[in-house]
Amino acid sequence: MDHSFDTTRETALRLDQQDSMAGYKQEFYFPQHNGTDTIYFCGNSLGLQSKGVQEAVQQELNDWKDHAIAGFSKAKYPWLQYQEPYKPVLAKLMGCLETEVTIMNGLTVNLHLLMNTFYKPANGRFKVMMEAGAFPSDQYAVETQVKQYGYDPADAIIEIKPRDGEKTLHTEDIIAAINLAGNELAMVLFGGINYYSGQLFDLKAITAAAHETGAIAGFDLAHAAGNVSLKLHDWQVDFAVWCTYKYLNGGPGAVGGAYVHERFAADPQTPRLAGWWGNDEESRFRMEKGFIAKPNASGWNVSTAQVMNMAALRASLVLFEQVGFEQLVQKSKQLTAYLEYLLKQLKNLDFEIITPGDPEARGAQLSLYFKARGKEIHTKMLDNGIVVDYREPGVIRVAPAPMYCSFEDVYKFYQILQSMN
Ligand SMILES: *Cc1c(COP(=O)(O)O)cnc(C)c1O
């Protein structure tokens, strides 16, 4: 990959010309600003609608209209096995076996379901370790989980904070904290990528350290799914959950994803909160007592597949399948490196890139902390048709999603900052 950058517009255009995926931008709808497409750097919050979505949703409307109850077997994508075709693509994106992945519910619901399976405090092992400043929904989930077992969250939740004066965590500090918690530690539950700092954690090292002390390793991959390379199976991660409406472009509130390592997923005795959709298909419609779990991650499915909520994701995953995920990640690294390079040329603006500089410790997001002019800069971006988000006290998160962002988009962002430099 070409990483020889400079600050000319010609370079941006050359990089776009060299980009074999550049055409995918045409596959998406962009919000309009003064009659033109915006530049969209918020794919880390809500991915764009791809042009195949309407047809995918229409297909289900037609099948419902034409077949009603018979659609469970006669629909083009039979509703009875609706989740199945998603598994091969998701398995590639998450780095796991097809039998280890499913889609269902929403992210936080899945977090509760999998904590129900994996958080079983016993013999003085009751603590859960998280990164400080985890996404609020995750904090609420863990807080209420530990309370269910009668623990005070202040005792049961260990939060790992950055060193004084720093904004991201050192892997060695996380591992030291895991070792220190030792046999009191029941579970490590980290974000894969912290939504605020953009830091990608070393999931492999964290998992190994958790296992060494006898704890479970689970991850919230909301900001990692469809964004960075993952090897959940090989890393021996116990469980993971994510949403599909960020980098995966599944649409607002789209279905959540869940991963359970096969050593638990294949065992129907693994505890869980069950429903009929997780029951073995052979016996499901006998309507008898006695749950028989499917011997794979679908054994955690509870309710009937939410077809309408999954259809848009099907259209989006087609694009991930076509482009090839490794290629997408390569472009992403180049695009983010280019953004970083340009930002570093702005010597007079007072800001700090809080996302790690190491390309292996981040995905397609740089979080910029403007000590003074954050709000002003955010407004200026929106006024110029560039969608970025703003978080107090002055953080602008810029996520050039490689599926539909170009080098020229990044260059335009830079030019606006430069005009304020
Ligand atoms: C986006 C996000 C969520 C949102 O959870 P939902 O249940 O899908 O609303 C939760 N956790 C993290 C880390 C996120 O980034």
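Both counts, for ligands and for their atoms, begin at 1 and track the order of listing.
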Which pairs would a plain distance check flag for residues 31-44, meaning a side-chain donor or acceptor within less than 3.5 Å of a matching protein atom at least two apart in sequence or in another chain?
unit_1: Gln32; atom_1: NE2; unit_2: Phe30; atom_2: O; d: 2.9
unit_1: Gln32; atom_1: NE2; unit_2: Asp37; atom_2: OD1; d: 2.7
unit_1: His33; atom_1: NE2; unit_2: Asp383; atom_2: O; d: 2.9
unit_1: Thr36; atom_1: OG1; unit_2: His33; atom_2: O; d: 3.1
unit_1: Thr38; atom_1: OG1; unit_2: Pro31; atom_2: O; d: 2.8
unit_1: Tyr40; atom_1: OH; unit_2: Leu46; atom_2: O; d: 2.6
unit_1: Asn44; atom_1: ND2; unit_2: Gln365; atom_2: OE1; d: 3.1

**Message:** Under 4.0 Å from a heavy atom of Thr108: which atoms of ligand 1 are those, numbered in the order shown and with their elements?
**Reply:** 5 (O), 6 (P), 7 (O)
**Request:** Write out the residue and atom name of the closest protein heavy atom to atom 4 (C) of ligand 1, then the distance separating them to 0.1 Å.
**Result:** Tyr245 OH, 3.1 Å
**Asked** Does a side-chain heavy-atom distance below 4.5 Å link Ser298 with Glu84?
**Response** yes
**Item:** Which of the ligand 1 atoms, numbered from 1, are nearer than 4.0 Å to a heavy atom of His223
**Value:** 15 (O)
**Item:** Over all atoms of both residues, closest heavy-atom pair of Cys96 and Glu100
**Value:** CB-OE1, 3.2 Å
**Message:** Treating Arg362 as the side-chain partner and Pro356 as the backbone partner, does any N or O pair qualify as donor plus acceptor under 3.5 Å?
**Reply:** yes
**Complete:** min-distance protein heavy atom vs atom 1 (C) of ligand 1 -> Lys246 NZ, 1.4 Å
**Complete:** Asp138 heavy atoms within 4.0 Å reach ligand 1 at atoms 10 (C), 11 (N), 12 (C), 13 (C)
**Message:** If the condition is ring-ring contact (aromatic ring centres under 6.0 Å, His included), which residues does Phe407 pass it with, not counting sequence neighbours?
**Reply:** Tyr338
**Prompt:** Tell me, which protein residue and heavy-atom name are nearest atom 3 (C) of ligand 1, and how many Å apart are they?
**Reply:** Phe135 CE2, 3.4 Å
**Request:** Please determine if Asp220 has a nitrogen or oxygen closer than 3.5 Å to a nitrogen or oxygen of ligand 1.
**Result:** yes
**Item:** Gln415 atom CD, over 12 foreign heavy atoms within 6.0 Å
**Value:** yes
